[in-house]
Amino acid sequence: MSGTNNYKLPQQVKLLAQTTQLKGLMTIIRARETPRSDFIFYADRIIRLLVEEGLNHLPVVDKKVMTPTNVEYNGIDFEGRICGVSIMRAGEAMEQGLRECCRSVRIGKILIQRDEETHQPKLYYAKLPKDIASRYVLLLDPMLATGGSAMQAVQVLLDNNVQEDRIIFLNLIGSPEGIDAFVQRFPKVKIVIGELDACLNDEKYIIPGCGDFGCR
């Protein structure tokens, strides 16, 4: 975490293990001189870590299989189906990481843009799988700043009959302000976050952050 020693994460927020590997990856994507190709490569590594952790929060059932040695193995299987929903356009950068972990996964898109004067989100477009109400949803957006766009995206999912406790929100970097606002409105949604930053500045951007993720 970056300067947030006194902040206590809400119970429904899962912070990735703060390993030296993750810190090194975060250092690369945050550096302003990092070339675009390197930014994409190392951000994808973090995204895969987020997806794998998100999958850990899906319900499972017991499953027995027979191994090639003709010995039974007591394993598990995921219960229910999943889909991804990216908050355009930065969230689209996370789609490949999801596909690399979940073959043939369906992915929907929601376009929400922040008004630069009011800092309030506006919904412009939503295209979701027709059967999304029966699926667990991995919501994709790399930055959680004010939480406005993410909260509006969750509302779109709820309006399409997705159950709140079936939504898992994945993001690389977040702010305490955004997290607090989000969990107050949607206490049943789980959040998986890569790193927690110190605060928002006067323009409502994450500090220290990594700039405009979609433009890097």
Side-chain angles (χ1 to χ4, degrees), residues 1-18 22 26 46-47 49-59 80 82-88 90-91 94 97-98 108 110-115 118-123 126 128 132-133 135-210 213:
M1 292 188 286
S2 304
T4 55
N5 293 334
N6 296 325
Y7 178 75
K8 184 178 180 180
L9 283 171
Q11 186 175 1
Q12 62 267 48
V13 180
K14 170 64 177 180
L15 183 68
L16 288 184
Q18 300 296 287
L22 179 61
M26 285 289 185
I46 300 173
I47 291 165
L49 293 174
L50 288 168
V51 172
E52 295 288 4
E53 180 58 39
L55 295 175
N56 280 334
H57 295 272
L58 296 174
I82 70 168
C83 70
V85 173
S86 62
I87 301 177
M88 300 169 63
M94 302 177 70
L98 177 58
I110 296 175
L111 175 58
I112 297 171
Q113 294 184 337
R114 185 172 69 169
D115 188 297
T118 65
H119 305 300
Q120 297 301 310
K122 291 183 179 180
L123 174 65
L128 305 172
I132 193 170
R135 294 176 179 267
Y136 290 88
V137 177
L138 298 180
L139 183 62
L140 312 174
D141 194 10
M143 309 295 286
L144 175 56
T146 64
S149 295
M151 288 187 286
Q152 184 153 354
V154 170
Q155 189 60 56
V156 171
L157 296 177
L158 298 181
D159 291 344
N160 282 270
N161 300 315
V162 177
Q163 298 179 38
E164 184 177 331
D165 60 0
R166 287 188 165 211
I167 302 170
I168 302 173
F169 179 34
L170 309 181
N171 65 95
L172 280 78
I173 301 171
S175 71
E177 298 94 327
I179 289 175
D180 287 344
F182 186 96
V183 300
Q184 183 176 5
R185 183 170 174 186
F186 300 112
K188 295 181 181 179
V189 175
K190 288 187 174 67
I191 301 175
V192 179
I193 185 171
E195 199 164 48
L196 180 66
D197 273 11
C199 61
L200 300 178
N201 65 11
D202 292 340
E203 287 74 40
K204 305 300 182 182
Y205 288 103
I206 300 174
I207 297 298
C210 72
F213 195 95

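The backbone N or O of Ala133 sits nowhere less than 3.5 Å from a side-chain atom of Asn161 that would complete a donor-acceptor pair. Checked by atom type and distance alone, the side chain of Gln18 pairs as donor or acceptor with a backbone atom of Gly194 at under 3.5 Å.
The heavy-atom pair separating Leu144 from Ala150 by the smallest distance is CD1-CB, 4.3 Å. Scanning all heavy atoms of the two residues, the minimum distance from Lys188 to Glu164 falls at N-OE2, 2.8 Å. The shortest non-hydrogen separation linking Ala126 to Val156 is CB-CG1, 4.2 Å. Nearest heavy-atom pair across Ala153 and Ile112 is N-CD1, 3.5 Å. Pairing each heavy atom of Gly209 with each of Asp197, the nearest pair is N-OD2, 2.7 Å.
Contacts of Gln12 classified as side-chain contact (heavy atoms from CB on, under 4.5 Å), with partners at least two apart in sequence or in another chain: Pro10, Val183, Pro187. Take Asp159 and apply the side-chain hydrogen bond (donor to acceptor under 3.5 Å, both in side chains) test, not counting sequence neighbours, and it matches Gln155. When the side-chain contact (heavy atoms from CB on, under 4.5 Å) test is applied to Ala181, the partners found at least two apart in sequence or on another chain are Met151. For Phe169, the ring-ring contact (aromatic ring centres under 6.0 Å, His included) partners two or more places apart in sequence, or in a different chain, are Phe182.
In this structure, CD1 in Ile173 is found 5.0 Å from CE in Met26, a value given to the nearest 0.5 Å. With rounding to the nearest 0.5 Å, the separation of CG in Leu15 from CD in Glu195 is 8.0 Å. For the atom pair Met94 CE and Leu170 CG, the distance stands at 5.5 Å (nearest 0.5 Å). Considering CD1 of Ile110 and CG of Leu140, their distance stands at 10.5 Å, rounded to 0.5 Å. Between atom CD1 of residue Ile47 and atom CG of residue Leu98 there is a gap of 10.0 Å, rounded to the nearest 0.5 Å. Going from atom CG of Leu16 over to atom CD of Glu52 covers 11.0 Å, rounded to the nearest 0.5 Å.
The stretch residues 135-152 participates, sequence neighbours left out, in these salt bridge (Lys or Arg N to Asp or Glu O under 4.0 Å) pairs: Asp131-Arg135. The side chain to side chain donor-acceptor pair (under 3.5 Å) analysis of residues 166-183, with sequence neighbours excluded, yields the pairs Tyr7-Asp180.
Contact annotation: the side chain of Leu55 approaches that of Ile82 to within less than 4.5 Å [non-hydrogen atoms, C-beta and beyond]. Inter-residue side-chain proximity for Ile167 and Leu158 is flagged as met; some heavy-atom pair is nearer than 4.5 Å. Using a 4.5 Å heavy-atom cutoff, the side chains of Val85 and Ile132 are in contact. By the 4.5 Å heavy-atom criterion applied to side chains, Leu128 and Leu157 are counted as neighbours.
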- request: For the pair Ile168 and Leu139, evaluate side-chain contact (heavy atoms from CB on, under 4.5 Å) and give the outcome as yes or no after the intermediate values.
  value: CA-CA 6 Å; Ile168 302 173; Leu139 183 62; over 6 Å; no

